[in-house]
Amino acid sequence: MFERIDYYAGDPILGLMGKFAQDSNPDKVNLGVGVYYDEDGKMPVLECVKTAEKRIADPVSPRPYLPMAGLPGHRKGCQELLFGKEAQVLKDGLVATIATIGGSGALKVGADFIHQWFPQSKCYVSDPTWGNHIAIFEGSNIEVGKYPYYDQATGGIKFDEMIAFFETLNKNDVILLHPCCHNPTGVDLTQEQWDKVLEVIQQRELIPFMDIAYQGFGNDMDSDAYAIRKAVDMGLPLFVSNSFSKNLSLYGERVGGLSVVCPTADEAERVFGQLTYTVRRIYSSPPSHGGRVVDIVMNDDALHEQWVGEVYAMRDRIKAMRLKLKSVLEAKVPGRSFDYLTAQNGMFSFTGLTPEQVERMKDEFGIYMVSNSRMCVAGLNVNNVDYVANAMAEVLKD
Ligand SMILES: Cc1[nH+]cc(COP(=O)(O)O)c(/C=N/[C@@H](CC(=O)O)C(=O)O)c1O
């Protein structure tokens, strides 16, 4: 009956978690999956989340179905984080926002919606991008192509090629963009480059779909949303998927959001209805526990302020690890530049190690990175950074 079903090879990112857990090397270091670990190598529970959890736990309340769109406070929290508390588009009711099962759920609902209502649209992702972008959009029967992005030769962006490519696309083609903290390269567009990208998107009447999973880990909450807010200022139709997995450290609670910025309130109402219907047909309604944590933290001014401070502390620790790894490597591997470590932004660094060198890092040192050479810098700490630098210096010799 099922003998013709293909075996699943496993996910190049999530598959690393199981291998890491089984690795008996006492010095093993997990630089694979995009998860933030603290100075002691532990996944933190944010103080603001602890407070929210206490409010949810006492008294324990029933767990009814949530609305298909999720809790209003969760949705409001997404909108204010992405667009700004006082954004005119919010006051004018131009944004349809639903709470989703993480950023992944947001991407899936958005892709299904696009396939249904824009069936001719193709989706173009950066080369390279987070692998699941391609899988999710193809899973919604959307043809996926790649636009030029990362320049291996310079460690920068093939900007002119990227713009020239966008100029060949058709109306309503979807461009999947990383507003900050590009995954897997850590190489971000400057604000001037964003202005040019959005200008071409406007001229070609393309649909920007911005996936922001690391807001706050780049520079700050507002700067990291520059591309989103610039598109809004230009009056562009816009899809935004966001994730609270990393910046609330709520990975397993599966909390995120999908927002669609529309030209009129009537269109926003139409879109909102169809987004909820799409949710109903995929997973019916989002999880309540994580949604309540988001609602409490995002809408309590004191907790929100505490949360922003906790995200910036995570951001700053990652930046400190970038500097530390760079300085140790420069001492161990003279004559080779490691400037990319501090030029790149957010949780990831594209190290340029070959697949063979990445394999040696795992096999010989128990250091796990993604095969495309992505390193999750958040897995580094003062106790393992020298060990990782030594291992990199070793594999870089050949
Ligand atoms: C760009 C991006 N978008 C969306 C997600 C999904 O987020 P979530 O809210 O958990 O559904 C992730 C997760 N990325 C990390 C984990 C993973 O691969 O699922 C990663 O790149 O390691 C992203 O890196």
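Indexing begins at 1, ligand by ligand and atom by atom, following the structure's order.
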**Asked** Between Phe350 and Tyr340, is the ring centre distance below 6.0 Å?
**Response**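 Phe350 vs Tyr340: aromatic centres not under 6.0 Å.
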**Asked** Centres of the His182 and Tyr149 rings: under 6.0 Å?
**Response**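 That pair passes the under 6.0 Å test.
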**Message:** Whether Arg315 engages the ring of Tyr312 as a cation-pi pair (distance to the six-membered ring centre under 6.0 angstrom, angle to the ring normal within 45°) should be assessed.
**Reply:**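 Verdict for Tyr312: a cation-pi partner in Arg315.
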**Asked** So which residues get pulled into Leu323's cluster when ILVMFWY side chains under 4.5 Å apart are joined, directly or through others?
**Response**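 Same cluster as Leu323: nobody, lone residue.
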**Prompt:** When Leu177 is tested against each of Ile201, Asp211, Leu238 for side chain to side chain contact (heavy atoms under 4.5 Å, CB included), which residue passes?
**Reply:**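 Exactly one candidate clears the test, Ile201.
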Which pairs of nitrogen or oxygen atoms, taken one from ligand 1 and one from the protein, are under 3.5 angstrom apart?
unit_1, atom_1, unit_2, atom_2, d
ligand 1, 3 (N), Asp211, OD2, 2.6
ligand 1, 9 (O), Gly103, N, 2.7
ligand 1, 9 (O), Ser243, OG, 2.7
ligand 1, 9 (O), Ser245, OG, 2.8
ligand 1, 10 (O), Ser245, OG, 3.0
ligand 1, 10 (O), Arg254, NH1, 3.0
ligand 1, 11 (O), Gly103, N, 3.3
ligand 1, 11 (O), Ser104, N, 2.9
ligand 1, 11 (O), Ser104, OG, 2.6
ligand 1, 11 (O), Arg254, NH2, 2.8
ligand 1, 14 (N), Tyr214, OH, 3.4
ligand 1, 14 (N), Lys246, NZ, 3.1
ligand 1, 18 (O), Trp130, NE1, 2.9
ligand 1, 21 (O), Trp130, NE1, 3.2
ligand 1, 21 (O), Asn183, ND2, 2.9
ligand 1, 21 (O), Arg374, NH1, 2.8
ligand 1, 22 (O), Gly34, N, 2.6
ligand 1, 22 (O), Arg374, NH2, 2.8
ligand 1, 24 (O), Asn183, ND2, 2.7
ligand 1, 24 (O), Tyr214, OH, 2.6

**Item:** Over 12 non-hydrogen atoms of neighbours within 6.0 angstrom of NZ in Lys91
**Value:**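 Yes, because the 6.0 Å sphere around NZ of Lys91 holds more than 12 heavy atoms from other groups.
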